[in-house]
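First comes the structure, then the notes that go with it.
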Amino acid sequence: MAQTIYNTLTRQKEPLETLYPDIVLMYVCGPTVYDKAHVGHAMSTLVYDILRRYLEYRGYEVKHVMNYTDVDDKVIIRANELGVDPLDLAEEHIKEYASHIKALNVLPATVYPRATQEIPKIISMVEGLIDRDYAYPVDGDVFYRVASKDDYGKLSGRKLDDMQAGARIDVNELKENPMDFVLWKSSKPGEPSWDSPWGLGRPGWHIECSAMNLHHLGEQIDIHGGGTDLIFPHHENEIAQTESLTRKPFARYWVHNGMLQFSGDKMSKSVGNIVTIEEFLDQHDADTLRMMVLNASYRSPLTFNDEVVAQAESNLDRLRSALRPASPDESPATDESLESLKAQMVKTRQGFVEAMEDDFNTAGALGHLFDLVRGINQARDANIDQSSLSQAQVLLRELAEDVLGLRLEREETESAKAAPFIDLLVELRRQLREQKEWELSDQLRDQLVELGVLLEDSKDGTTWRWK
RNA sequence: GGCGACGUGGCCAAGUGGAAAGGCAAGGGUCUGCAAAACCCUGAUCACGGGUUCAAAUCCCGUCGUCGCCUCCA
């Protein structure tokens, strides 16, 4: 079996065949940094992190570029409202997003380019497009001439005629065609601007991504990612610009993640139904969000509500349950249970890989991990020894942590200091129980739960863990 | 109005032609002083209506519903 990947361009799953052996060139559209990012942005970032981790697991070197759009109408408008410099505003949100990426355990991209750092490249691209009649300058603006590219619309499956018929776009007298889009935009006084052959101005939204691709990855790339909301016009226009200039197919695979749905609608700033990443991380383990993404198809809309969040948290607990140590007693495990665990390990790895090879079917892959969890827990109940159990636990951690990016062992930095005190209380409770002081010992247990500590009594004594 | 996606048990969902994965929740059981955790057991014919096929959740047509895009958007 070989890796398959769904390509929006062809609307089907295709075998992944990269431009260069064992290397994947992947570009993902990042956020426009004018406000706090929400969990929908996080979903997108997580999706491509998971793709990347799996490809690396399979031996590819992934060159991963994610951009920040740091100059744009929205940035300028918001900065004016706040009375701050637009570039400072962007900088602030880039820093914040970078910290979220880290908190979400997303592997750092190879490069994080910004629109404002690509101005010379953008200008030379626009000049090239004008030279070849794909673009035209008017009064300090430069527009791309959509009629000049006969396959314009191939990604989104639209025809120019249809688009114009139902177009809800402003009529701009300067444009030859209402669908023409801006490559370079003249700036008003006080706005961020750069000198150009067409006067002071700034780049249009679409051209920056084309420029960053060209600069950091080259004329052709393997995977271009982003949300489904970017298919049109953003990615359509990127294709038009880039291919007009290079005369080569741009991205081999166009990959789009579904939108996070919140109370029936796409979560977006314009709808106003936002949960920011910051708010989410305040209340939940970062892995909760990753678990939500993993439990669904990356291409479909993802439901986001309190119940689903709680389910994801339970899912994490379940995975973690398999990492508890063995508790062998006098009756040793049978050969049968040892064999059964070994068989489960083989089945798990195989099933996991098969699912992931099928267009990154993470929900299917996760199903196989849960089967392994059950196998491990069964083996523990069957008194298997720790070294046999560990082999299966290592496999679970390899797949869940290294490949899917979950963190099953929690970092207990601050709370580690509390451990000796909790141990003390557990010992105190043990003595109470020995004297059958059930009421007091139960009270102690209940109060520890309120502090976030779960006690579990077993025949070998009491263990505790953070909730 | 145009383009596209989707509709699987209470919830989240995998599966896209040959006996309905997995998780959460629920009920029953084992264990336990009681809990918790773990383990075992229990439940769906796949929106609806036609059609193709030996065989359909899976293909085709229609209906209803939901969502995305067509303007900024991950």
Side-chain angles (χ1 to χ4, degrees), chain A residues 8 11 28-32 34 37-48 66 69 72-74 77 153 156-159 161-170 179 205 225-234 236 256-261 264-271 291-292 294-297 299-305 307-319 321-322 324 327 351 355 358 361-371 373-374 376-378 380-382 433 436-439 441-442 445-446 449 454-459 462-465:
Chain A
T8 305
R11 309 270 168 188
V28 180
C29 287
T32 300
Y34 71 99
H38 56 71
V39 287
H41 296 109
M43 173 193 175
S44 180
T45 300
L46 286 167
V47 162
Y48 297 101
M66 193 201 88
T69 300
D72 153 279
D73 285 350
K74 292 213 168 194
I77 290 167
S156 54
R158 292 151 206 262
K159 296 190 177 71
D161 294 345
D162 295 341
M163 286 191 267
Q164 287 169 33
R168 286 188 284 157
I169 50 176
D170 292 335
M179 295 310 297
W205 176 38
T228 54
D229 54 348
L230 297 185
I231 294 172
F232 190 89
H234 186 52
E236 194 70 72
H256 293 96
N257 63 278
M259 296 289 101
L260 197 64
Q261 298 289 122
D265 291 309
K266 173 177 81 163
M267 182 178 289
S268 79
K269 290 170 186 171
S270 43
V271 180
M291 181 55 89
M292 288 170 59
L294 289 170
N295 192 37
S297 159
R299 287 195 277 128
S300 299
L302 180 65
T303 308
F304 182 94
N305 58 43
E307 190 175 0
V308 169
V309 171
Q311 286 176 10
E313 288 181 328
S314 298
N315 285 339
L316 280 171
D317 283 343
R318 173 128 185 98
L319 286 183
S321 77
R324 294 175 199 168
S327 54
D358 181 15
N361 179 357
T362 54
L366 205 53
H368 291 285
L369 293 191
F370 282 117
D371 287 341
V373 167
R374 173 174 290 113
I376 290 173
N377 288 334
Q378 281 170 336
R380 186 191 303 102
D381 282 0
R433 292 180 68 220
K436 302 205 189 301
E437 293 278 1
W438 305 126
E439 200 172 322
S441 72
D442 287 355
R445 182 175 61 196
D446 292 346
V449 167
L454 294 179
L455 299 195
E456 289 171 7
D457 300 324
S458 73
K459 54 185 189 293
T462 301
T463 58
W464 64 269
R465 59 193 166 93

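Order of the sequence lines sets the chain letters (A, B, ...), proteins ahead of strands, with each chain counted from 1. These values consider heavy atoms only, across backbone and side chains, with no hydrogens, waters or symmetry-generated copies. Bear in mind the structure is a predicted one, so any value in this text is a computation, not a measurement.
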**OP:** May I ask you to verify if any side-chain N or O of A:Lys266 is less than 4.0 angstrom from the OP1 or OP2 atom of B:rC69?
**Re:** yes

Between [N] and [M], how far apart are the two [atom1] atoms, rounded to whole Å?
N      : M      : atom1 : answer
B:rU8  : B:rA57 : C1'   : 7 Å
B:rU63 : B:rG27 : P     : 44 Å
B:rC60 : B:rU52 : P     : 15 Å
B:rC11 : B:rG7  : C1'   : 15 Å
B:rA38 : B:rU58 : P     : 36 Å
B:rG50 : B:rG43 : P     : 29 Å
B:rC72 : B:rA37 : C1'   : 49 Å
B:rA44 : B:rA21 : C1'   : 14 Å

Donor-acceptor pair, [X] side chain versus [Y] backbone, under 3.5 Å?
X        : Y        : value
A:Ser314 : A:Ala310 : yes
A:Gln261 : A:Pro301 : no
A:Thr362 : A:Leu294 : yes
A:Arg299 : A:Thr228 : no

Say you draw a straight line from [atom1] of [X] to [atom2] of [Y]; how long is it, rounded to the nearest 0.5 Å?
X        : Y        : atom1 : atom2 : answer
A:Arg324 : A:Glu456 : CZ    : CD    : 4.5 Å
A:Thr463 : A:Asp457 : OG1   : CG    : 8.0 Å
A:Asp381 : A:Ser327 : CG    : OG    : 7.5 Å

**OP:** Mark up nucleotides 34-44 of chain B, 5' to 3', with B wherever a protein heavy atom is under 4.0 angstrom from a base atom, S wherever such an atom reaches only the sugar-phosphate, and - elsewhere.
**Re:** BBBSSSS----

Subject >> Sugar-phosphate or base contact per nucleotide [nucleotides 5-17 of chain B; S, B, -; heavy atom under 4.0 Å] >> reply: ------BBSSS--

Original post:
Do A:Met292 and A:Met43 come within less than 4.5 Å of each other through their side chains, counting heavy atoms only?
Top reply: no

Between [N] atom [atom2] and [X] atom [atom1], what is the distance in whole Å?
X        : N      : atom1 : atom2 : result
A:Gln261 : B:rG68 : CD    : C1'   : 8 Å
A:Tyr34  : B:rA74 : OH    : C1'   : 12 Å
A:Leu366 : B:rC24 : CG    : P     : 11 Å
A:Leu230 : B:rC70 : CG    : C1'   : 14 Å

**OP:** Apply salt bridge (Lys or Arg N to Asp or Glu O under 4.0 Å) to A:Arg374 and list each qualifying residue two or more places apart in sequence or on a separate chain.
**Re:** none

